[in-house]
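Written out below as structure tokens is the structure these notes cover.
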Amino acid sequence: MCILDLPQNTVALGESRSVIRDIFEYGNKRRAQIGADKVFDFSLGNPSVPAPKKINSTLSRLIAESDSTVLHGYISSAGLTDARKAIAIEETHRAKMNGSDLCVSYEDVYITCGAAASLAISLSALICPGDRVALLAPFFPEYRVFAEKAGAEVVVIPPSSKEMMPDFDAVERVASAGIKVLIINSPNNPSGAVYDRPVLERLAKILREAQKKTGKMIFLISDEPYRELLYIDTPAPFVPAIYENTLICYSYSKSLSLPGERIGYIVVPSCIQNAEAKKVFASISGAGRALGYVCAPSLFQRMIVECSKEKPDIGAYVRNRNLIYHSLTDMGFDCTPPSGAFYLFIKSPIPDACAFCEAAKAYELLLVPSDSFGIGGYVRLAYCVSEPTLKNALPAFRSLAKQYGLTGKE
Ligand code: PLP
């Protein structure tokens with residue numbers, strides 16, 4: 001008999017699966033049993049707004065008119081030069097709109113298979129054994145997976161307030177004890193919180209002081225897949241103009257409703273200190289190579305060349321946000337008002353958010369407990385669903401509120 005030796009932590013990752021995926025699978029089972037219209041599945045961040053029309057027409061034209069061997073052929077590992085140039089123009093434009101004269105070159109752009117790949121590559125590129133990565137709770141659960149796989153020790157920093165803003169004193173304590181990376185995500189999944197310029201400037205000051213104290217460069221990874229899904233007037237800041245040692249991780253999954261197509265990018269801006277940007281970019285290329293994330297889907301890179309300026313129509317998300325936030329608040333639920341993304345973070349009426357999610361299932365309401373987001377006692381509701389689904393779910397929420405004795409305006 002031969003022995004099978006496998007990395008135990010990797011097996012455990014595969015066996016445990018993500019909580020979100022588990023709930024989604026449960027939803028599939030219930031849909032088959034009682035019908036899709038009776039299941040109120042708020043588990044997945046799968047956009048319900050269709051991709052802009054220009055994307056489908058561009059893809060159809062590319063397929064109809066291109067030489068197929070070229071269209072589907074290998075391209076450069078870091079991406080098609082024309083796609084990298086289109087992205088660089090957009091990022092330079094964002095910098096300018098933020099009052100920065102920073103020019104992003106196409107050579108600063110590495111095209112990836114979505115934000116997940118952008119993050120996994122960036123962390124693998126930066127982390128040396130024993131380095132620490134700080135995560136601001138609540139956070140996208142896969143950060144922990146990518147950071148630990150890259151060899152980092154993860155430090156979780158709880159938020160300071162109900163608005164899910166960073167606890168600056170805690171960030172200062174953790175950073176000055178030594179970290180290599182701080183990951184930020186604004187607009188945030190799961191809370192919908194948005195970091196404005198003063199918040200980012202305070203974080204930048206803390207990181208600069210910690211660098212001075214420890215004598216080691218600290219990187220900010222700005223994970224920005226929801227950058228365009230904003231319900232406030234000011235556009236998302238261009239983070240490298242606020243903190244120089246920043247990598248931008250972006251994806252078209254949410255902004256252009258293309259999550260299944262796996263397309264995004266990393267920007268390694270030239271402002272990185274000590275003229276180290278080229279070395280960091282080399283490490284990004286090396287990590288992409290080592291992880292096998294080279295040459296992201298070429299058809300979608302060709303689409304970017306023509307559609308990089310396309311913006312989402314967020315009207316449906318605005319309507320859903322207003323409906324669900326006000327309805328649940330009126331029923332007596334305690335919700336964080338979301339300023340961006342398409343998630344509502346609700347305080348569980350009992351300390352055990354998992355038990356609350358289980359109870360919600362009795363009304364066919366599928367919610368995600370916050371534990372895997374690095375904080376207990378909350379649940380996440382993804383409101384990127386159709387408006388009728390949201391409206392039809394309200395009586396079920398009313399029954400749930402009644403079960404827990406919540407009293408609101410209703
Ligand atoms: N980062 C955050 C905060 C997310 O919410 C997600 C997906 O939900 C990702 C990264 C991964 O995005 P992608 O599907 O582009 O890999």
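Note that these values count all heavy atoms, side chains included, but never hydrogens, waters or copies made by symmetry. As the structure lists them, so they are numbered: ligands from 1, and atoms in each ligand from 1.
In summary, of the residues considered (Phe42, Tyr226, Tyr383), a ring pair (Phe, Tyr, Trp, His ring centres under 6.0 Å) with Tyr343 occurs for Tyr226 alone.
Using a cutoff of 4.0 Å between basic side-chain nitrogens and carboxylate oxygens, Lys85 and Glu90 are not scored as salt-bridged. Checked for salt-bridge contact, Glu25 and Lys29 miss the test: no charged N lies under 4.0 Å from a carboxylate O.
Side-chain atoms of Tyr143 and Asp223 form a donor-acceptor pair, as typed in the model, at a separation below 3.5 Å.
For ligand 1, the protein residues placed under 4.0 Å by at least one non-hydrogen atom are Gly114, Ala115, Ala116, Leu119, Phe140, Tyr143, Asn185, Asn189, Asp223, Pro225, Tyr226, Ser251, Ser253, Lys254, Arg262.
Evaluation of the salt bridge (charged side-chain N to carboxylate O under 4.0 Å, His left out) rule for Lys149 yields no partner, not counting sequence neighbours.
Annotation: Phe373 is not in aromatic contact with Tyr378 [ring centroid separation under 6.0 Å not met].
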